[in-house]
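Okay, structure first, notes after.
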Amino acid sequence: MNDVIKLLNSHRSIRKFTDQEIPRGLLLELIQAGQAAATSSHVQAYTVIHVKNPDNREAIAELAGGQGYVASSAAFLVFCADMKRPTEASARTGANVERGMTEQLLVATVDTALMAQNVAIAAESEGLGICYIGGIRNNPDAVSELLRLPAHVYPVFGMCLGYPAHQPEVKPRLPVEAILKEDYYTDDSDHVAAFDDTMQAYYQSRSSGNKNSDWSHNLTPLFDSKLRPHMRDFLVKRGFTMK
């Protein structure tokens with residue numbers, strides 16, 4: 001493995017950070033690295049909010065489900081899918097702009113995710129730790145109001161950044177044979193069963209948060225009820241009518 005692949009394979013979510021600040025210049029470099037990610041048709045349909053106000057950080061921590069590291073990390077970013085900027089740019093040329101299309105929602109969300117992952121990799125290459133915060137979608141209306149997000153912009157997830165104060169183990173991933181298929185989709189239940197054994201051993205041996213579970217059982221809360229059913233109505237209110 002080269003150094004880049006080693007770095008990618010060493011990813012862990014970091015939830016405890018030192019008090020060391022991130023230099024402003026480094027933060028700007030990380031955002032620029034994020035902008036270098038692939039973007040559909042060069043639309044660049046994202047905006048990043050660097051939340052510095054301590055009260056807002058505390059509020060988002062609670063809105064995200066009581067995740068205190070949102071407030072304690074050296075920096076907290078909210079990555080927003082942004083179709084306001086590109087559609088307004090197009091409208092200024094005289095185009096008859098159609099807003100709110102489902103494809104626009106997909107493009108903006110994918111662009112945002114690609115950009116954020118570049119930021120994450122760049123941050124880890126500089127010795128920083130990161131943790132994605134999908135919990136901001138628990139209360140997207142309140143987060144949007146707090147960040148003063150306009151129509152056609154929505155918060156996809158947050159990201160905590162800082163210098164790690166702990167070194168958790170790398171969490172196993174599904175075997176590549178379950179993910180990579182040749183020509184056609186094939187059944188992978190045997191790989192999943194084996195991975196459940198791997199995850200059970202991991203959860204029972206890791207240095208913090210030991211529990212008796214496996215991958216399949218951990219999925220139960222995500223699929224035995226309607227997860228964040230408010231998101232569709234929220235996105236429609238944001239202007240993504242999904243036509």
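The analysis underlying the following values was restricted to heavy atoms, covering all of them including side chains, and did not include hydrogens, waters or symmetry mates.
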[atom1]/[X] to [atom2]/[Y] distance, rounded to the nearest 0.5 angstrom?
{"X": "Arg173", "Y": "Met199", "atom1": "CZ", "atom2": "CE", "result": "8.5 Å"}
{"X": "Lys211", "Y": "Tyr202", "atom1": "NZ", "atom2": "OH", "result": "9.0 Å"}
{"X": "Ile14", "Y": "Leu128", "atom1": "CD1", "atom2": "CG", "result": "10.5 Å"}
{"X": "His152", "Y": "Leu105", "atom1": "NE2", "atom2": "CG", "result": "12.0 Å"}
{"X": "Ser73", "Y": "Arg15", "atom1": "OG", "atom2": "CZ", "result": "12.0 Å"}
{"X": "Leu146", "Y": "Asp141", "atom1": "CG", "atom2": "CG", "result": "12.5 Å"}

Just by distance, do the side chain of [X] and the backbone of [Y] share a donor-acceptor pair under 3.5 Å?
{"X": "Ser90", "Y": "Thr87", "value": "no"}
{"X": "Thr109", "Y": "Leu106", "value": "no"}
{"X": "Glu169", "Y": "Ser207", "value": "yes"}
{"X": "Lys243", "Y": "Arg99", "value": "yes"}
{"X": "Arg238", "Y": "Leu149", "value": "yes"}
{"X": "Gln104", "Y": "Gly100", "value": "yes"}
{"X": "Arg85", "Y": "Val43", "value": "no"}
{"X": "Arg137", "Y": "Val156", "value": "yes"}

[X] to [Y] - nearest heavy-atom pair and separation:
{"X": "Tyr69", "Y": "Ile133", "result": "CE1-CD1, 3.8 Å"}
{"X": "Gln67", "Y": "Gly135", "result": "NE2-CA, 4.0 Å"}
{"X": "Ala113", "Y": "Phe157", "result": "CA-CZ, 3.9 Å"}
{"X": "Pro155", "Y": "Phe234", "result": "CD-CZ, 3.9 Å"}
{"X": "His11", "Y": "Val170", "result": "O-CG1, 3.9 Å"}
{"X": "Met83", "Y": "Ala45", "result": "CE-CB, 4.1 Å"}

Would you mind reporting whether [Y] and [X] have side-chain heavy atoms less than 4.5 Å apart?
{"X": "Arg206", "Y": "Pro168", "result": "no"}
{"X": "Tyr203", "Y": "Lys171", "result": "yes"}
{"X": "Arg232", "Y": "Met242", "result": "yes"}
{"X": "Leu7", "Y": "Ser10", "result": "yes"}
{"X": "Met115", "Y": "Val48", "result": "yes"}
{"X": "Val153", "Y": "Leu147", "result": "no"}
{"X": "His191", "Y": "Leu174", "result": "no"}
{"X": "Glu103", "Y": "Glu98", "result": "no"}

ILVMFWY cluster, [X] and [Y] together (side-chain gap under 4.5 Å):
{"X": "Tyr132", "Y": "Val119", "answer": "yes"}
{"X": "Ile130", "Y": "Val51", "answer": "no"}
{"X": "Val110", "Y": "Phe79", "answer": "no"}
{"X": "Val176", "Y": "Phe195", "answer": "no"}
{"X": "Met231", "Y": "Leu227", "answer": "no"}

Counting neighbours of [atom1] on [X] that are heavy atoms of other residues, nucleotides or ligands and sit closer than 6.0 Å, is the number greater than 12?
{"X": "His217", "atom1": "NE2", "answer": "no"}
{"X": "Asn2", "atom1": "CG", "answer": "yes"}
{"X": "Gln204", "atom1": "CD", "answer": "yes"}
{"X": "Asn53", "atom1": "CG", "answer": "yes"}
{"X": "Arg228", "atom1": "CZ", "answer": "yes"}

Side chain to side chain contact (heavy atoms under 4.5 Å, CB included) assessment of Val70 paired with Cys160: CA-CA 6 Å; Val70 169; Cys160 299; 4.2 Å; yes

Among side-chain atoms of Asp111 and Thr39, is any donor-acceptor pair under 3.5 angstrom? yes

Any luck finding a side-chain donor-acceptor pair between Asp214 and Ser216 under 3.5 Å? no

Can you label the angle between the Phe240 ring and the Tyr154 ring as parallel, tilted or perpendicular, going by 30° and 60°? perpendicular

Run the side chain to side chain contact (heavy atoms under 4.5 Å, CB included) test on Asn118 and Gln35 for me, step by step, so that the C-alpha distance in whole Å, both residues' side-chain angles and the decisive distance to 0.1 Å come before the verdict. CA-CA 8 Å; Asn118 258 30; Gln35 289 181 272; over 6 Å; no

